[in-house]
Protein chains: 2
Amino acid sequence: MLQQTSGRVLNKLDESLLVGLPPFRRLERTQIREILDQAISRRAEEGATVFSEGMHADQFYLLLDGYIRVVKSTPGGEQIIAMHIAPGQLFGIAPALGRDTYPATAIAAAETVSLSWPVRVWSDFTSKYDGFATETYKVVGERMGELHSQLMELATQAVEQRLAAALLRMANQSGRKVENGIEIAFPVTRQNISDMTGTTLHTVSRLLSAWQKQGILESTRRHIVVTDPHRLVLLSGAGS
Amino acid sequence: MLQQTSGRVLNKLDESLLVGLPPFRRLERTQIREILDQAISRRAEEGATVFSEGMHADQFYLLLDGYIRVVKSTPGGEQIIAMHIAPGQLFGIAPALGRDTYPATAIAAAETVSLSWPVRVWSDFTSKYDGFATETYKVVGERMGELHSQLMELATQAVEQRLAAALLRMANQSGRKVENGIEIAFPVTRQNISDMTGTTLHTVSRLLSAWQKQGILESTRRHIVVTDPHRLVLLSGAGS
DNA sequence: CGTTTGTTTGAGGAGCGTCAATAAGTGTGG
DNA sequence: CCACACTTATTGACGCTCCTCAAACAAACG
């Protein structure tokens with residue numbers, strides 16, 4: 001029921017949170033202090049909505065911990081998962097796109113902690129802090145590149161290849177090494193995966209079962225470990 | 001054989017070319033003069049490649065006349081058409097995305113005239129000319145929105161609906177009113193359309209034939225007139 | 001321990017891609 | 001101006017993917 005947990009600047013946030021992250025890489029400690037002092041931090045439960053598509057964009061965000069699922073809904077009620085956000089990344093950066101509403105919904109894929117700032121300070125940030133603008137536009141460029149890749153996959157590849165590509169993307173961007181392979185770091189259902197690949201949970205289930213039998217991966221409820229990434233790469237069609 | 005026709009600042013370019021275009025909307029005539037004096041203009045034949053995916057991005061462009069097809073190729077040799085550029089729009093704006101290579105190939109869909117500037121002046125433009133940065137990032141935001149729409153279509157809709165949507169998009173963005181409907185303003189083949197919608201030219205041909213029989217559109221070789229846009233909207237699934 | 005949420009698996013068939021052949025339109029050179 | 005090559009479009013036949021429908025099971029949760 002608890003939709004989101006919002007916080008304030010309770011204790012002073014630690015500067016080390018931002019040091020080294022791309023958008024703030026070139027900044028002095030004092031500048032980071034300034035930035036932090038304007039931020040509010042916020043925790044969100046798994047499944048909680050941080051902001052919704054079409055909402056007036058009054059804040060932009062930096063994910064400190066956890067994972068964010070970026071979701072878009074069709075007029076027909078279906079939904080697709082456009083991407084995932086990993087810790088250290090900005091999200092909800094509508095102002096960078098000249099928008100005043102969020103283009104998609106952000107949902108916590110796992111429990112998250114994020115910082116946020118009012119959009120009003122965006123122009124300060126871009127003008128005052130060296131490298132901030134450059135780095136954020138680079139982020140925009142990268143996301144556009146990912147959209148392009150996904151578009152090409154959907155347009156040209158069969159379900160099996162798209163699924164392999166989606167698993168690899170998650171494993172690369174947000175996987176952690178475990179004993180027997182790479183584990184996707186947040187809970188993910190068959191339904192979720194089908195929303196990423198434009199297919200059905202049934203087809204996803206069948207393919208994952210088959211791959212598990214072949215020793216390519218292991219999966220339990222909402223939980224996937226890729227044990228043989230190389231075979232997945234071959235299946236994704238990128239190989240050869 | 002003639003791949004592209006390149007020009008110079010032969011005669012002084014006329015200021016009216018830029019007046020009123022979004023990126024330059026808020027500028028004085030003298031500023032527009034400055035900008036034009038740094039531009040080179042260039043004509044490209046139908047089918048000519050203006051720049052290629054992966055090429056070092058040394059120029060950014062403004063389309064004055066004609067239409068540009070933005071194409072991406074898969075490792076497997078297939079290609080998709082990501083979008084079309086209409087007159088008055090910027091393209092090849094890699095610097096706005098923090099990139100130094102072009103993310104896609106630009107091909108003249110019809111004979112085109114464009115202006116271009118070396119990327120080195122990009123940062124001047126954004127800092128010196130009021131509104132230029134804002135407007136271009138708005139363009140980036142819009143294109144990202146279009147990518148999202150297409151992604152959702154590909155992921156959730158059947159071929160018939162995607163095709164209807166693609167035709168409507170072309171008719172809206174680059175259609176001209178003619179006697180019996182809206183004509184798509186540049187030559188387009190069945191193959192081209194299938195590259196936009198992730199299907200085959202055969203399926204496109206079948207559907208267009210059927211729609212022609214139903215009086216929704218008329219088409220001759222490389223040429224389409226939508227006579228009943230409303231029916232197309234219904235077919236695209238956006239209706240209801 | 002019942003309810004909810006997520007997963008598995010089968011059967012059947014529709015959508016649309018593949019293969020194949022023909023036709024119609026366009027440009028080029030003699 | 002005609003013959004030929006090339007590009008573009010049309011249409012049929014066939015069958016494979018993958019979606020739909022259906023049912024049962026397993027895990028989590030209060």
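A note on names: the letters A, B, ... follow the listed sequences, proteins ahead of strands, and every chain is numbered from 1. All heavy atoms count here, side chains included; hydrogens, waters and symmetry mates do not.
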Length of the [atom1]-[atom2] vector between [X] and [N], whole Å:
X: B:E46; N: C:dG27; atom1: CD; atom2: C1'; answer: 13 Å
X: A:E218; N: C:dT8; atom1: CD; atom2: P; answer: 13 Å
X: A:K213; N: C:dT8; atom1: NZ; atom2: P; answer: 10 Å
X: A:R222; N: C:dT5; atom1: CZ; atom2: P; answer: 12 Å
X: A:L207; N: C:dG10; atom1: CG; atom2: P; answer: 14 Å
X: A:I224; N: C:dG6; atom1: CD1; atom2: P; answer: 14 Å
X: B:E160; N: C:dG17; atom1: CD; atom2: C1'; answer: 16 Å

Exercise. Looking only at heavy atoms, what is the nearest atom pair of B:D58 and B:Y102, with distance?
Worked result: N-OH, 3.6 Å
Exercise. Mind checking which nucleotides bracket the chain A contacts on DNA chain D, 5' to 3', with an atom under 4.0 Å from a heavy atom?
Worked result: D:dC18 to D:dA28
Are the side chain of [X] and the backbone N or O of [Y] linked by a donor-acceptor pair below 3.5 Å?
X: B:Q173; Y: B:M170; result: no
X: B:S73; Y: B:G77; result: no
X: B:T227; Y: B:I216; result: yes
X: B:S52; Y: B:M55; result: no

For this session: Return the 5'-most residue of the pair A:L208, A:R221 with respect to DNA chain C, ranking by each residue's nearest nucleotide.
Result: A:R221
Problem set entry | Base of C:dT8 paired with side chain of A:R206 (donor-acceptor, under 3.5 Å) | no
Problem set entry | Any N/O donor-acceptor pair, A:H202 side-chain to C:dT7 base, under 3.5 Å | no
Exercise. How would you label the contact of B:S205 with the nucleic acid (heavy atoms, under 4.0 Å): base, sugar-phosphate, or nothing?
Worked result: base
Exercise. Taking atom types as modelled and ignoring hydrogens, do the side chains of A:T156 and A:R162 form a donor-acceptor contact shorter than 3.5 angstrom?
Worked result: no
For this session: Report yes if the distance between the aromatic ring centroids of B:F51 and B:Y61 is under 6.0 Å, otherwise no.
Result: yes
